[in-house]
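Here's the structure we're looking at; comments come further down.
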Amino acid sequence: MAAIGVALSCSCLRPGVWLLKPGAHTMSSLGLHTAARCAAKDYYEVLVLGGGSGGISMSARMKRKVGAENVAVVEPSKTHYYQPLWTLVGAGAKQLETSARPTESVMPKGVEWIKSRVMALDPDKNCIRLENDVKVSYKYLIIALGISLHYEKIKGLPEGFHHPKIGSNYSVHTVEKTWKALQDFKEGNAIFTFPNTPVKCAGAPQKIMYLSEAYWRKTGKRPKANILFNTSLGVIFGVKKYADALTEIIKERNITVNYKRNLVEVRADKQEAVFENLDKPGVTEVHQYEMLHVTPPMGPPDVLINSPVSDEIGWVDVNKETLQHKKYPNVFGIGDCTNLPTSKTAAAVAAQSGVLDKTISLVMKNQLPTKKYDGYTSCPLVTGYNKVILAEFDYNAQPLETFPIDQSKERITMYHMKADMMPFLYWNALLKGYWGGPAPIRKLMHLGLK
């Protein structure tokens with residue numbers, strides 16, 4: 001997940017900007033592109049694009065592999081956010097500032113932080129272009145650019161957020177508006193949406209719904225709330241074991257789910273939300289709301305659309321087992337910006353980082369990658385202020401659970417893991433390149449049962 005923040009100039013780039021130099025390509029035994037450097041003083045053995053969870057984690061790992069002076073991270077944002085916490089921020093259970101740290105503080109010591117935006121990638125020449133036409137070359141490239149939010153694809157947004165009764169846990173600018181709308185709720189429809197695009201943390205749109213329901217029960221407003229989950233999907237969750245558990249919770253809490261409904265317009269001045277019926281093209285329905293939580297459409301960052309490193313949609317085109325690019329063997333991808341067919345979560349990034357570390361180590365030795373990513377991802381489904389269903393699964397949407405218990409049950413222990421333990425692990429282990437997911441714990445847990 002790319003951090004949200006303010007773009008800075010490229011003033012910290014090393015002095016001396018050199019233009020692309022011509023040079024013949026040579027190929028190693030693995031087919032690595034070894035074109036002449038396109039910027040003699042702006043060259044790094046490992047160049048990382050993006051300073052979110054994947055980028056910082058991999059830069060820490062690469063620092064230990066090739067030395068800090070040989071690694072650079074391109075990231076324009078001055079603030080790094082632990083975004084999984086925003087579910088709890090939107091429900092008033094955590095403060096926004098606890099999710100934020102200066103990017104400088106999470107950047108591995110000695111690694112070059114290039115405060116600029118990536119404008120273009122030229123993998124045939126082992127080069128990228130930054131703002132002001134600055135060019136930087138590399139021997140190995142790791143793409144960790146995250147996913148882009150597109151509120152503007154919903155008519156009436158983002159300007160609609162200036163009105164009350166509407167919020168979104170997906171943006172630092174709107175997450176606190178969710179908590180305000182939740183507190184100000186009086187009577188009527190509370191609508192929670194899921195867009196007709198890939199999203200990061202696909203459980204988050206319904207987590208805030210369960211938390212809202214719990215808050216209104218606690219404050220005595222629940223009888224006045226008609227809770228609607230309008231989702232573009234045809235199922236409540238993609239893994240049957242957890243979907244069955246969530247369906248029971250929805251039934252118990254008297255929540256209405258409308259499938260195949262995609263939010264296309266918000267009339268914030270009238271407190272109206274317009275949805276298209278995906279089963280009936282062209283048919284729309286208007287819902288009045290007293291509270292609206294918007295999950296925005298999402299997609300690849302603009303720089304990746306029509307890029308040589310991307311598939312036809314714009315996701316970085318990598319091998320789903322090794323995370324190595326399918327065409328350029330010295331290019332790798334991690335996290336939300338890739339076309340890996342798994343749920344886009346921080347937990348997935350953790351598991352991917354361990355595999356990618358092994359992949360790059362072998363490629364650097366002219367050996368074929370052997371470590372395989374199984375699609376592991378996790379979604380702690382927050383169903384109340386002290387309850388979580390810990391969903392963990394693989395590429396085949398089969399449970400891949402860490403603990404020898406039924407994780408489809410709501411548990412207080414899993415809530416504390418989500419709210420307290422995971423942020424600690426994130427800042428102190430994942431970002432420092434020491435946390436590669438729970439696979440070792442899973443092995444120990446299950447060995448203990450034998």
Salt bridge (charged side-chain N to carboxylate O under 4.0 Å, His left out) evaluation trace for Lys109 with Glu104: CA-CA 9 Å; Lys109 188 176 180 181; Glu104 186 177 16; over 6 Å; no
Give me each pair satisfying salt bridge (charged side-chain N to carboxylate O under 4.0 Å, His left out) with a member in residues 310-320, each pair once, sequence neighbours excluded. Asp317-Lys326
Residue set satisfying ring pair (Phe, Tyr, Trp, His ring centres under 6.0 Å) with Tyr215, at least two apart, ordered chain then number -> Trp179
Is it the case that the ring center of Tyr426 lies less than 6.0 angstrom away from the ring center of Tyr82? yes
Can Thr345 and Thr377 be counted as having a side-chain donor-acceptor contact under 3.5 angstrom? yes
How about Glu276 and Thr284: does a side-chain donor come under 3.5 Å of a side-chain acceptor? no
Start with the C-alpha gap between Met58 and Ile360, add the side-chain angles, then the distance that decides, and say whether side-chain contact (heavy atoms from CB on, under 4.5 Å) holds. CA-CA 10 Å; Met58 289 311 302; Ile360 293 177; 4.2 Å; yes
Sort and list the pairs that fulfil salt bridge (charged side-chain N to carboxylate O under 4.0 Å, His left out) and have at least one residue in residues 416-427, not counting sequence neighbours. Lys94-Asp420
Within the 4.5 Å heavy-atom criterion, are Tyr210 and Leu246 side-chain neighbours or not? yes
Not counting sequence neighbours, which residues clear ring pair (Phe, Tyr, Trp, His ring centres under 6.0 Å) with Phe237? List them please. Phe393
Thinking salt bridges, do Glu410 and Arg253 make one under a 4.0 Å N-O criterion? yes
Enumerate the residue pairs fulfilling ring-ring contact (aromatic ring centres under 6.0 Å, His included) with a member in residues 329-385, sequence neighbours excluded, ordered by first and then second residue. Tyr373-Tyr395
Do any pairs count as a ring-ring contact (aromatic ring centres under 6.0 Å, His included) and have a residue in residues 297-320, sequence neighbours left out, and if so which ones? none
Output every pair passing salt bridge (charged side-chain N to carboxylate O under 4.0 Å, His left out) with a member in residues 277-286, not counting sequence neighbours, ordered by first then second residue. Arg261-Glu285
Does Glu321 have any side-chain hydrogen bond (donor to acceptor under 3.5 Å, both in side chains) partners at least two apart in sequence or in another chain, and if so, which? none
Sorted by chain and number, sequence neighbours left out, ring pair (Phe, Tyr, Trp, His ring centres under 6.0 Å) with Phe275 holds for His287
Quick test of your reading: applying salt bridge (charged side-chain N to carboxylate O under 4.0 Å, His left out), list the pairs with at least one residue in residues 44-62, sequence neighbours left out, ordered by first then second residue. Arg61-Asp357
Excluding sequence neighbours, so at least two apart, what forms ring pair (Phe, Tyr, Trp, His ring centres under 6.0 Å) with Tyr151? Phe161
His293 (side chain) donor-acceptor with Thr193 (main chain) under 3.5 angstrom: no
Of all residues at least two apart in sequence or in a different chain, which pass the side-chain hydrogen bond (donor to acceptor under 3.5 Å, both in side chains) check with Arg101? none
